[in-house]
Amino acid sequence: MKHIKTLNTRNLKESMKKGGCGECQTSCQSACKTSCTVGNQSCENK
Amino acid sequence: MVHQYKNNGYNIVLDVNSGCVHVVDELTYDIVALFQTTDKEDITKQMLSKYEKDSVTQQEIEEVIKEIEELKEAGNLFSEDIYKDYIFDVKKRQTVVKALCLHIAHDCNLKCRYCFAEEGEYKGHRELMSYEVGKKALDFLIENSGNRRNLEVDFFGGEPLMNFDVVKQLVVYGRELEKHHDKKFRFTLTTNGVLLNDDIMEFANKEMANVVLSIDGRKEVHDYMRPTRNNKGSYELIMPKFQKLAESRNQNNYYVRGTFTHHNLDFSKDVLHLADLGFKQISVEPVVSQPEEPYAITEEDIATICEEYDTLAKEMIQRKKEGRDFNFFHFMIDLTGGPCVAKRLSGCGSGTEYLAVTPWGDFYPCHQFVGNEEFIMGNVFDGMNRTDIIDCFKQCNVYSKPKCQDCFAKYYCSGGCAANSYNFHGNINDAYDIGCELQRKRVECALMIKAAENDMVSE
């Protein structure tokens, strides 16, 4: 496209098909303990 | 829902429901804003009158509209929210426990001014967790983890190194349990570093999947907020040890983790101070406290903090170009391999998948609720006896929070921290407003950094 550059992203809707395994890290076990940072966790079921 | 904003020369369009991020030119940015409410003829008229003659042609406007239509057709722009029904499955789900925050020590050798644990005691008394209580907690985790294989145990406090023998024993016990069950423990440790020594570092490097090292940044900032029990600064005591530990872990699988407050709103300097000392994994987060505290972040501070995030984001891009990059936890977003939508809707898992255990074995929904006895959910000896609390937390999701409905950041914070919501509003389905403002800003900066990194790859 000439006017729009789309960053390489995982479409969230696609993740409904294979998601929800629950194996990913709990957000408060990584670094925070006072905020909720789900968006930066990694999927373990790629 | 679409969120569009300008940052550091980038025009960014986030399609919230699909998670797609588009970087667009000026003309497209304007047309996206009109697209859903204005017909094409009007859009053309408005654009031709807005832009100087000859700088934009009718053909270009048509091109842009076509590109937008293509993305819309593909479900990557102006996409519908199709998760509202899906959430019913999330709410019905059988929950299992997969992560524990073990309060190994309700005691601390520092007296940090902002400590939510109140010098480690959590409104209670000083106590160390016994090996027996810890064992029971690990047994409970194994028994209640269903078919989850990866189990997480964070050794937390107070200061967990004040009870390090029990930490070691529990790791040995956990490794034994792994042999008899098809489970894998990921142990983590959160420490202030005062008691850190070579033996503990060696043990941590062998057994701890992650270590969180508490340090606030510049010496004067750190020493003011994190004094020792006899009112001395703790920076000099811990910094060399943290540097050594970070290096011995090859600058991976750890975070130096600081808190910024009203007293250091120029916290980007603290982040960069840590980066200049060689740390590659850095998290510096806003203090969460009641507004009457002198160090509390207030609504008036928000604008300054947002500018500071911008400053930090720009500096991080510059350093990346120079090969001096580092990770800043709150700007980390995994666009290609991030969490699935089920995870994003259901939040942090407090009170369901994630529980805190006190030194004497009580369960709480998370470490931040410890000390508020109405949230005791059971204990390691008798199991859970408050299914009403589990149900309450299970129902808590992005759609149960009115404030999240129109927020573009909802799939990044998953509705925010339940404890913050409770502490500020008395229920877990609200949101801590200052935290939300800052979260939105961080998401904007994080996406802008991704756009800039994308440019670096193309260059």
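Computed from a predicted structure; not experimentally measured. In the text below, chain A, chain B and the rest are named by the order of the sequence lines, each starting its count at 1.
For the set D15(B), V32(B), T259(B), V21(B), the entry with the most heavy-atom pairs within less than 4.5 Å of chain A is V21(B). Across A409(B), C366(B), C413(B), the residue that shares the most heavy-atom pairs under 4.5 angstrom with chain A is C413(B). Interface check for chain A: of the options S79(B), G75(B), G146(B), the most heavy-atom pairs under 4.5 Å are formed by S79(B). Of the listed residues (V24(B), L447(B), V211(B)), the greatest number of heavy-atom pairs within a distance under 4.5 Å of chain A belongs to V24(B). Of the residues considered (R257(B), E353(B), E70(B)), R257(B) shows the highest number of contacts with chain A, using heavy-atom pairs under 4.5 Å. Ranked by heavy-atom pairs shorter than 4.5 Å toward chain B, the options E23(A), H3(A), Q25(A), Q41(A) are led by H3(A). Chosen from Y255(B), F156(B), F329(B), the residue pairing most often with chain A at heavy-atom distances under 4.5 Å is F329(B).
For the pair R344(B) and Y412(B), the cation sits on the ring face: its NZ or CZ lies under 6.0 Å from the ring centre, inside 45° of the axis.
Looking only at side-chain heavy atoms (C-beta outward), I82(B) and N17(B) stay at 4.5 Å or farther from each other. For the pair S15(A)/R10(A), a side-chain contact is recorded, criterion being any heavy-atom separation below 4.5 Å from C-beta on. Side-chain atoms of T336(B) and T9(A), non-hydrogen and from C-beta on, never get closer than 4.5 Å to each other. Two residues are said to be in side-chain contact when any heavy atoms from C-beta on lie closer than 4.5 Å; Q281(B) and F328(B) fail this criterion. Counting heavy atoms from C-beta on, the side chains of L7(A) and V23(B) come closer than 4.5 Å.
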With salt bridge (charged side-chain N to carboxylate O under 4.0 Å, His left out) as the criterion, how do K5(A) and D25(B) come out once you've worked through the C-alpha distance, each side chain's angles and the decisive distance to 0.1 Å?
CA-CA 9 Å; K5(A) 197 162 52 180; D25(B) 60 22; over 6 Å; no

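Looking only at atom types and distance, the side chain of K343(B) has no donor-acceptor partner in the side chain of S414(B) under 3.5 Å away. Defined by atom type and a distance below 3.5 Å, a donor-acceptor pair is present between the side-chain atoms of E285(B) and S283(B). D154(B) and T188(B) share a side-chain donor-acceptor pair at under 3.5 Å.
Contacts of N11(B) with chain A are absent, with no heavy-atom separation under 4.5 Å from either backbone or side chain. Contact of N420(B) with chain A is made through the side chain alone, with heavy-atom distances under 4.5 Å. For a residue to count as touching a neighbouring chain, one of its non-hydrogen atoms must lie under 4.5 Å from one of that chain's; by this rule Q368(B) touches chain A with the side chain only. In this structure, chain A has heavy atoms under 4.5 Å from both the backbone and the side chain of I68(B). Heavy atoms closer than 4.5 Å to chain A are found in the side chain of F116(B), but not in its backbone. In this structure, chain A has no heavy atom under 4.5 Å from any part of I12(B). When heavy atoms are compared at a cutoff of 4.5 Å, A99(B) approaches chain A by way of both its backbone and its side chain. For a residue to count as touching a neighbouring chain, one of its non-hydrogen atoms must lie under 4.5 Å from one of that chain's; by this rule T28(B) touches chain A with the side chain only. For E14(A), no part sits under 4.5 Å from any heavy atom of chain B, backbone or side chain. Of the atoms belonging to N423(B), not a single heavy atom falls under 4.5 Å from chain A. When heavy atoms are compared at a cutoff of 4.5 Å, V341(B) approaches chain A by way of both its backbone and its side chain. Heavy-atom distances place no part of E453(B) under 4.5 Å from chain A, backbone and side chain included. Interface residue V288(B): only side-chain heavy atoms are found under 4.5 Å from chain A. Residue contact with chain A, scored on non-hydrogen atoms closer than 4.5 Å, involves the backbone of V153(B) exclusively. For V16(B), the part sitting under 4.5 Å from any heavy atom of chain A is the backbone (N, CA, C, O) and nothing else.
Taking the ring-ring contact (aromatic ring centres under 6.0 Å, His included) definition, one finds that Y10(B) meets it with nothing, sequence neighbours left out. By the salt bridge (Lys or Arg N to Asp or Glu O under 4.0 Å) test, K98(B) pairs with E152(B), sequence neighbours left out.
Ring planes of F187(B) and F185(B): parallel class, angle under 30° (limits at 30 and 60°).
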